[in-house]
Enquirer: 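To start, I am sharing the structure in question, which I have written as structure tokens.
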Amino acid sequence: MALLEVNGIGKSFGATKVLRDISFDLAEGEALAIIGSSGSGKTTLLRCLNFLETADTGSITVAGETLWSAADTKTQSEEAIRKKRLHFGLVFQSFNLFPQYTALQNVMLAGQLLRQILADIETQAKALLAQMGLSDRENHYPHQLSGGQQQRVAIARALALHPDILCFDEPTSALDPELTGEVLRVLRELAEHKTTMIIVTHEMKFARDAADRILFMDGGVVVEQGDAKELIDHPKEERTRQFLASYGK
């Protein structure tokens, strides 16, 4: 059984339909890359999965539990929504670290809000920063870190909640090429360790080499999805071929 099942997700903002009947699933330990032009609906899809936006149609199921369904018209409390968000960790393209906290404090914050044991939170946070190669930066504030270091702190913070699925929204778009490499190395390591991930990215080589599957979106619909290397090297749809050609693929 798939860990994540997304069925028929649709989302409109006023008269503009941003997502149309989006369906896919994700197995535990699988990395899914979502690619597509700006405005294709990729970020809106991630925001619907993380309950930062509410879809208009469809359903979202994690580990056999339906977290959201358009057929269920009951109003959910903010507390219930927060609990459902814990299934997903979200790393934003703009880092979104708290500037008044050190790297270590940023990673510890989620556990503190959940009232976990402080000693355990600190031990875990230090281990996660070490995993990101940032042991020597744990007492630095965001303004003292490079963009790549800030993004790695954001990844550690997302991992601290032990989400079922880790989601990335264009994690390298705010970085220069050298710093992009730092973050992509971390994502590759997470993929090698079978972290379940959804990665919205414009890095085609990374998507081909590190993801298990790719989903290509255009105009709010899924045009094509399949094995990562197969889709990049031998796309079946003309629109996919046109898009990849613009990246020199």
Enquirer: Return the CD to NE2 distance between Glu170 and His202, rounded to the nearest 0.5 Å.
Expert: 5.5 Å

Enquirer: Using side-chain hydrogen bond (donor to acceptor under 3.5 Å, both in side chains) as the criterion, list what pairs up with Glu203, not counting sequence neighbours.
Expert: none

Enquirer: Could you give me the CA-CA distance, side-chain angles and deciding distance for Leu179 and Gln150, then say whether side chain to side chain contact (heavy atoms under 4.5 Å, CB included) is met?
Expert: CA-CA 10 Å; Leu179 299 181; Gln150 289 185 61; over 6 Å; no

Enquirer: Gln93 and Ala174: which non-hydrogen atoms are nearest, and at how many Å?
Expert: O-CB, 3.6 Å

Enquirer: Let me see the working for Leu49 and Ile165 under side chain to side chain contact (heavy atoms under 4.5 Å, CB included), right down to the final yes or no.
Expert: CA-CA 10 Å; Leu49 293 179; Ile165 301 154; over 6 Å; no

Enquirer: If you draw a 6.0 Å radius around NZ in Lys17, do more than 12 non-hydrogen atoms from other residues or ligands fall strictly inside?
Expert: no

Enquirer: With sequence neighbours excluded, what pairs up with Glu192 under the side-chain contact (heavy atoms from CB on, under 4.5 Å) test?
Expert: none

Enquirer: Using atom types as modelled and distance alone, determine if a side-chain donor or acceptor of Asn7 lies under 3.5 Å from a backbone N or O of Ser59.
Expert: no

Enquirer: Does anything in residues 52-62 form a salt bridge (charged side-chain N to carboxylate O under 4.0 Å, His left out)? List the pairs, not counting sequence neighbours.
Expert: Arg47-Glu53

Enquirer: Taking side-chain hydrogen bond (donor to acceptor under 3.5 Å, both in side chains) as the test, write out the residues that go with Thr66, two or more places apart.
Expert: Thr61

Enquirer: What pairs of residues pass the salt bridge (charged side-chain N to carboxylate O under 4.0 Å, His left out) test when at least one of them lies in residues 61-71, not counting sequence neighbours?
Expert: none

Enquirer: Under a 4.5 Å side-chain heavy-atom rule over Ile, Leu, Val, Met, Phe, Trp and Tyr, are Leu161 and Ile60 clustered together?
Expert: no

Enquirer: With a 4.5 Å limit on heavy-atom distance, are the side chains of Gln151 and Val91 in contact?
Expert: yes

Enquirer: Hey, is Glu238 close enough to Arg241 for a salt bridge, meaning N to O under 4.0 Å?
Expert: yes

Enquirer: Going hydrophobic residue to hydrophobic residue with side-chain gaps under 4.5 angstrom, can you get from Leu145 over to Leu184?
Expert: yes

Enquirer: Could you tell me the separation between the OG1 atom of Thr201 and the CD1 atom of Ile35, rounded to the nearest 0.5 Å?
Expert: 9.0 Å

Enquirer: Please find the pair of heavy atoms, one from Ile155 and one from Val183, that lie closest to each other, and give the distance.
Expert: CD1-CG1, 4.3 Å

Enquirer: Do you know which two heavy atoms are closest between Gly41 and Leu19, and how far apart they sit?
Expert: O-CD2, 3.3 Å

Enquirer: Taking only residues at least two apart or on different chains, which pairs with a member in residues 154-169 satisfy salt bridge (charged side-chain N to carboxylate O under 4.0 Å, His left out)?
Expert: none

Enquirer: Under the rule for side-chain contact (heavy atoms from CB on, under 4.5 Å), what residues qualify as partners of Asn50, not counting sequence neighbours?
Expert: Leu52, Phe88, Leu90, Cys167

Enquirer: Give the intermediate values and the outcome of side chain to side chain contact (heavy atoms under 4.5 Å, CB included) for residues Val222 and Ile22.
Expert: CA-CA 6 Å; Val222 176; Ile22 303 291; 3.8 Å; yes

Enquirer: Decide whether Leu175 and Val186 are clustered together by the hydrophobic rule: side chain heavy atoms of Ile, Leu, Val, Met, Phe, Trp, Tyr closer than 4.5 Å, transitively.
Expert: yes

Enquirer: If I take atom CD from residue Glu182 and atom CD from residue Gln149, how far apart are they, to the nearest 0.5 angstrom?
Expert: 6.0 Å

Enquirer: Do the side chain of Thr172 and the main chain of Thr180 share a donor and acceptor less than 3.5 angstrom apart?
Expert: no

Enquirer: Give a yes or no on whether Leu134 and Leu159 share a hydrophobic cluster (residues Ile, Leu, Val, Met, Phe, Trp, Tyr; joining criterion: side-chain heavy atoms under 4.5 Å apart).
Expert: yes

Enquirer: Any donor and acceptor pair, going by atom type alone, linking the side chain of His234 with main-chain N or O of Glu230 inside 3.5 Å?
Expert: no

Enquirer: Side-chain polar contacts of residues 208-217 - donor-acceptor pairs under 3.5 angstrom, sequence neighbours left out - could you list them?
Expert:
from, atom 1, to, atom 2, distance (Å)
Arg208, NE, Asp233, OD1, 3.0
Arg208, NE, Asp233, OD2, 3.2
Arg208, NH2, Asp233, OD2, 2.8
Asp209, OD2, Lys205, NZ, 2.9
Asp212, OD2, Ala31, N, 2.8
Arg213, NE, Glu30, OE2, 3.0
Arg213, NH1, Gln225, OE1, 3.4
Arg213, NH2, Asp25, O, 2.2

Enquirer: Over all heavy atoms of both residues, which pair between Thr54 and Lys11 is shortest? Give the atoms and the distance, please.
Expert: O-NZ, 2.8 Å

Enquirer: Minimum heavy-atom separation for Leu244 to Met204, with atom names?
Expert: CD2-SD, 3.9 Å

Enquirer: At what distance, to the nearest 0.5 angstrom, does OG of Ser135 lie from CG of Leu129?
Expert: 7.0 Å

Enquirer: Between Lys236 (side chain only) and Glu224 (backbone N and O only), is there a donor and an acceptor less than 3.5 Å apart?
Expert: no

Enquirer: Inspect the surroundings of CD in Gln242 and state if more than 12 heavy atoms from other residues, nucleotides or ligands are less than 6.0 Å away.
Expert: yes

Enquirer: If you count heavy atoms of other groups shown closer than 6.0 angstrom to CD of Gln100, is the number above 12?
Expert: yes

Enquirer: What's the verdict on side chain to side chain contact (heavy atoms under 4.5 Å, CB included) for Val223 and Phe243, showing C-alpha distance, side-chain angles and the deciding distance?
Expert: CA-CA 11 Å; Val223 175; Phe243 172 78; over 6 Å; no

Enquirer: How would you list, by chain and number, every residue that makes a side-chain hydrogen bond (donor to acceptor under 3.5 Å, both in side chains) with Thr102, sequence neighbours excluded?
Expert: Gln105

Enquirer: Rounded to the nearest 0.5 Å, what separates atom NE2 in His87 from atom CG in Leu67?
Expert: 4.5 Å

Enquirer: Count the heavy atoms belonging to other residues, nucleotides or ligands that lie under 6.0 Å from OH of Tyr101, then report whether that count exceeds 12.
Expert: no

Enquirer: Find out whether Val153 and Val107 are in side-chain contact, i.e. whether some heavy atom of one side chain is under 4.5 Å from a heavy atom of the other.
Expert: yes

Enquirer: Are Leu166 and Leu4 joined in one hydrophobic group, where the rule is that I, L, V, M, F, W and Y side chains link up if heavy atoms are under 4.5 Å apart?
Expert: no

Enquirer: What closest approach, in Å, do Arg152 and Gly133 show between heavy atoms, and which atom pair accounts for it?
Expert: NH1-O, 3.9 Å

Enquirer: How about His162 and Gln124: does a side-chain donor come under 3.5 Å of a side-chain acceptor?
Expert: yes

Enquirer: For Arg188, enumerate each residue passing the side-chain hydrogen bond (donor to acceptor under 3.5 Å, both in side chains) test, keeping only those at least two apart in sequence or located in another chain.
Expert: none

Enquirer: With sequence neighbours left out, write down each residue that passes side-chain contact (heavy atoms from CB on, under 4.5 Å) with Glu178, or none if nothing qualifies.
Expert: Asp176

Enquirer: CD/Glu5 to CG/Leu26 distance, rounded to the nearest 0.5 angstrom?
Expert: 10.5 Å

Enquirer: For Val18, which residues count as a side-chain contact (heavy atoms from CB on, under 4.5 Å) partner, sequence neighbours excluded?
Expert: Phe13, Thr16, Thr44

